[in-house]
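The block underneath contains the structure these notes are about, expressed in structure tokens.
Note that the coordinates shown come from a computational prediction; the quantities given were computed from them, not determined experimentally. Because only heavy atoms are used, hydrogens play no part in the values below, and waters and symmetry mates are left out as well, while side chains stay in. The chains referred to below are lettered A, B, ... by the order of the sequence lines, with proteins before strands, and numbering in each begins at 1.
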Amino acid sequence: MSALLDVIVLGAGPAGAAAAVEASRRGLKVLLVDEALSAGGQVYRVATGIRASKATPERAAGDALRAALAASHVDARFGHRVWQVERNTASFAVHAVHVSGPVTLTTRALIVAGGAVERHIPIDGWDRPGVIGLAGATVLLKAQCMLPGRHVVVAGAGPLLLAVAAGIIHGGGRVAAVVDLQPRMRWLRDWRSLASRPDLLARGARWMATLLGSRTPMLHASAVRRIEGNPVVSSVVVASLDAAGRLGAGTRERTIACDSVCLGFGLQPATDITRLLGAAHAFDAARGGWHVVTDQHQATSIAGLFVCGDAAGIAGAAAAPWSGRVAAAAVDRHLGRVSVAEALSATTPLHAARDRAARFGRAMTQVAEGGDGVIAAMAPGTPVCLCEQVSRATIDAAVDAGATTMSEVKSATRCGMGPCGGRLCEDAAARLIALRTGTSRDAVGMATGRPPLRPVALDQLAGDFDYDALPIAQPVPL
Amino acid sequence: MTRYDLAVVGGGIMGVTAALRAAAGGMRVMVVERGGIGSEATGVNAGTLSLQIKRVALMPYALRGHKWWHQAGDAVGFHRTGGYTLAFNAREQALLEERMRLKMEAGAPITFVSPAQVHAAEPALGDRVVAASYCAEDGHADSTRSGVYLRQLLRDAAIETREHAPVVGIDAGGAGFTVRTATSNIDATNVLLACGAWTKSVAAMLDVTLPIDVRVNTVTVTEKGPMLLHSAIGHATGLLTLKQKENGTFLIGGGWQGRGSPEAGRGDVVADTMLQNLRLARFALPALAGVRAVRAWTGFEAFVPDYYPLAGALPGVPGAFVLACVRGGYTIGPCIGPLMADLILGREPELPLFDPARVVKVPANAS
Amino acid sequence: MTSTDLRITDGVERGPRVSFQCDGREVEAHEGESLAAALWAGGIRTHAGLHEDGPPYRVLFCAMGVCQQCVVQVDGARVEACRVLVRAGLDVRTRT
């Protein structure tokens, strides 16, 4: 076990990297940990297998982030798969596996910058090969310079729809249709927030121009009902929503041929580590759903635990570095190194910058909201939990038999018990439970966080050991 | 307001099987549960139904409880697989031989088998087995399905339940008790405290101090792996349970200690102890090396210093009863729950119970 | 579909061409690509995964280590294909 650190930052995306650099600048002994092999997170992920490609704003931002990190005194540990985080009296222990073996790190304060995971709404056939997450398609386009297909339907909700569709066209592919849950121009509803970032707004406008220029069919207030193929995707069936957002049986359907479907319904905060630690969480659709509760200083309900970036509620990549720096300042104060007044005066401009930058991200989060009509119309046989092959019908039956919470449905159906730990299905399952019980997402709750945070092979966890040295002292009572 | 003959505090295997027997005996019963039915120890234990790990004095109860699970069958994922208990060195062999002999005398159908026999039956087990015992009755059930099954039994018997209703107080007086939850009061002539790890704090509501302590047992499950193991595997010390479920996942337990408390409402896995548990499992079954662990959790197990059950009248409080601290409670519950109800019904239980008075000092001025 | 179909060519210069084995089949890719992307572009779209019955697993879905759909055996260890970088001679097996 290593010496006690001042702070460990989990996640080297824009929030975590900024937090680590700021903490280091303040003279704290800081360690930055990520499973990836370089910093940037998903949004600024470094391209691999590519020697040269066209410049993008993301690459420039990612390169700047990596340069700032390299110029700092931050001790960055990449390739570390964190599987357990424990809270002790006045410290935290982070357990990870690395190619060199198991690693345990201890720290007085912890900053979690776990980012976001994509939200999915299960659709009949969404388990077919050729269906790729929208966020995954972004990674494929940006980090691999690769198309998801040659003739792609891009469907769901949120800003990634435009980004992915335009990326496919720029890359030489065709977009068979963009199927957007939101009505046309929904994103203009909060134009003031969008106008706060003219650069990002202009980028969205360029994506839109690409789609218009290529005459890509844009289907608004619409959703994919079914994905067909044998087994690889060959077409989708699309229907339009009525004025109330319902996907009724009577709605007109159309079939669109394609060789891939990019599907996603916005981002939700990664809560796995904060759930594991038992921090307070709250549900708020405007922040992407369940998220850890943080105060103005990114502090959680647990002393010494801070969360920044999208993990604290979706606010976007622009706000992430600011919230990271706020968290680092708060750690400085938590460790008693600066007075409250001094910390406050130093961080107020950071708070303001963070809150300003978050307006754009929050507006984008709202663009990804909705989908209750798609949830309600989900066919009974649709697999919700892909790992354990749990269908909507099975979840509904468990609710009818008396289960009312996510944890109870998990026990009754195995929904969320597979290797992905419910990251793909829990949101949809909870929505189905809330719908059938007529209760709120708060009442349905979240499943309890469990280690390992990611699946880890037993030999990696166990490391080398000598049987005779195992602490097998006291047998159970006879 | 309805007056119940019996309010059962705790909807686990103990409380539910007691409620079923009491209702069958003519009582009007209410089960009140802080979470969901069967969601604590009953639903999160490793599902081991092994006679080899039961205490000698509890063997008759375990044999009966085992039959109940067997009859529940597919609904609880019951599998009678047979089970091997392994010793890897001379010390463990001595322990195994001494313990299993006593369990055989107590009626468990256990035999000693040679390492060659173990290897022939379970070739995937490591080659360092020096001694082993076998019990054909051993097996396992899927504990996560307990809640669904128990809830259905209660529904079928038309027993009322209040779920997600933690008890905040119990008033004793006059003709009975008022069990208070945040949203309602339940009036009952008798109360049965069958609330596992929470029994100490609920008994305190009746001013009775029970010397209960709590273990925080860790269980780990892996992803699906190739089918390698047919039997339930144990260790001479009792510090390993290992089985492969029908779906291919491996379930690893053995009572390694996590951290937390029922009062805090959560138990946490402690990496250091969990890893020792996994090392032991990996030693027993080398092919586990490349299999990925996907989830580990803890469950609370209440015990008193002598590790025998509290099953009988709550000392000093007429009409109140307690059923808790049963080591091997998942197996034994469906036997001892009904016996407990027999006592409350005024019948003579078929097997003796375990009077809590042995561990409780009743104040001199108590009735 | 040929392996070049999905790789964007306009303005992109890739790493050296390498090949590796997947279930005994030779797959062409570029050094440093994510294994999941390389399988996808190489026309390997599904694998048996852990289901004995039921639909096949995908080699590519979340592309960021979350969904666990792309977990395969690489040089003996079960890993997410989207977290493995291709190098010459990888031994990839999709059946356990």
For [X], is the [atom1] atom crowded, meaning more than 12 foreign heavy atoms sit under 6.0 Å from it?
{"X": "A:N88", "atom1": "CG", "result": "yes"}
{"X": "A:D464", "atom1": "CG", "result": "no"}
{"X": "B:D127", "atom1": "CG", "result": "no"}

Part of [X] lying under 4.5 Å from any heavy atom of chain B:
{"X": "A:T405", "answer": "side chain"}
{"X": "A:T404", "answer": "side chain"}
{"X": "A:L453", "answer": "neither"}
{"X": "A:R87", "answer": "backbone"}

Based on non-hydrogen pairs under 4.5 Å, which of [options] is most in contact with chain A?
{"options": "B:E98, B:E163, B:E92", "value": "B:E92"}
{"options": "B:L102, B:L278, B:D142", "value": "B:L278"}
{"options": "B:V56, B:V291, B:T298", "value": "B:V291"}
{"options": "B:G238, B:A236, B:A293", "value": "B:A293"}

**Item:** Under the ring pair (Phe, Tyr, Trp, His ring centres under 6.0 Å) test, residues paired with B:F283 that sit two or more places apart
**Value:**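 If we apply the ring pair (Phe, Tyr, Trp, His ring centres under 6.0 Å) test to B:F283, skipping adjacent residues, the hits are A:Y467, B:F88.
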**Prompt:** Does A:W83 have any ring pair (Phe, Tyr, Trp, His ring centres under 6.0 Å) partners at least two apart in sequence or in another chain, and if so, which?
**Reply:**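 A:W83: ring pair (Phe, Tyr, Trp, His ring centres under 6.0 Å) contacts with A:H95.
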**Asked** Does a side-chain heavy-atom distance below 4.5 Å link A:E408 with B:I37?
**Response**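 The answer is no, as the side chains (C-beta and beyond) never meet within the 4.5 Å cut-off.
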**Asked** Would you say the side chain of A:E388 lies within less than 4.5 Å of the side chain of B:K224, judging by non-hydrogen atoms?
**Response**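 Touching, per the 4.5 Å side-chain cut-off.
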**Asked** Okay, side chain of A:Q84, backbone of B:V269: is any donor-acceptor separation there less than 3.5 Å?
**Response**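 Side chain of A:Q84 to backbone of B:V269, a donor-acceptor pair under 3.5 Å: yes, one is there.
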**Request:** Could you tell me whether a side-chain N or O of A:E86 sits under 3.5 Å from a main-chain N or O of B:A271, the two making a donor and an acceptor?
**Result:**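 Side chain of A:E86 to backbone of B:A271: a pair is present.
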**Message:** Apply side chain to side chain contact (heavy atoms under 4.5 Å, CB included) to residues A:L478 and B:K103 and explain how you reach the verdict.
**Reply:** CA-CA 9 Å; A:L478 181 63; B:K103 292 178 193 199; 4.3 Å; yes
Please state whether the side chain, the backbone, both or neither of [X] comes within less than 4.5 Å of a heavy atom of chain A.
{"X": "B:T273", "answer": "neither"}
{"X": "B:F250", "answer": "neither"}
{"X": "B:I53", "answer": "neither"}

Give the minimum heavy-atom separation between [X] and [Y], together with the two atoms involved.
{"X": "A:P452", "Y": "B:A296", "result": "CD-N, 4.1 Å"}
{"X": "A:A403", "Y": "B:R151", "result": "N-NH1, 3.8 Å"}
{"X": "A:A412", "Y": "B:V148", "result": "CB-CG2, 3.3 Å"}
{"X": "B:R155", "Y": "A:G402", "result": "NH2-CA, 3.4 Å"}
{"X": "A:G418", "Y": "B:R295", "result": "N-NH1, 4.4 Å"}
{"X": "A:A457", "Y": "B:A289", "result": "CB-O, 3.8 Å"}

Out of curiosity, [X] [atom1] to [Y] [atom2], how far, rounded to the nearest 0.5 Å?
{"X": "A:L277", "Y": "B:D268", "atom1": "CG", "atom2": "CG", "answer": "8.0 Å"}
{"X": "B:T220", "Y": "A:L458", "atom1": "OG1", "atom2": "CG", "answer": "8.0 Å"}
{"X": "B:R279", "Y": "A:D466", "atom1": "CZ", "atom2": "CG", "answer": "11.0 Å"}
{"X": "A:L470", "Y": "B:Q276", "atom1": "CG", "atom2": "CD", "answer": "5.5 Å"}

**Request:** Would you mind telling me which of A:A462, A:G463, A:G449 has the largest number of heavy-atom pairs within less than 4.5 Å of chain B?
**Result:**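 So the answer, after comparing A:A462, A:G463, A:G449, is A:A462.
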**Asked** Restricting to pairs with a member in residues 441-450 of chain A, which pass salt bridge (charged side-chain N to carboxylate O under 4.0 Å, His left out), not counting sequence neighbours?
**Response**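 Every salt bridge (charged side-chain N to carboxylate O under 4.0 Å, His left out) pair that includes a residue of residues 441-450 of chain A, provided the two are not neighbours, is A:D427-A:R441.
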**Message:** Heavy atom to heavy atom, less than 4.5 Å: which residues from residues 256-267 of chain B reach chain A?
**Reply:**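 Hits under 4.5 Å: B:W256, B:R259, B:R266.
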**Request:** Evaluate the side chain to side chain contact (heavy atoms under 4.5 Å, CB included) criterion for residues B:V221 and A:M417: first the C-alpha distance (whole Å), next the side-chain angles of each, then the deciding distance (0.1 Å), finally the verdict.
**Result:** CA-CA 10 Å; B:V221 68; A:M417 285 195 183; over 6 Å; no
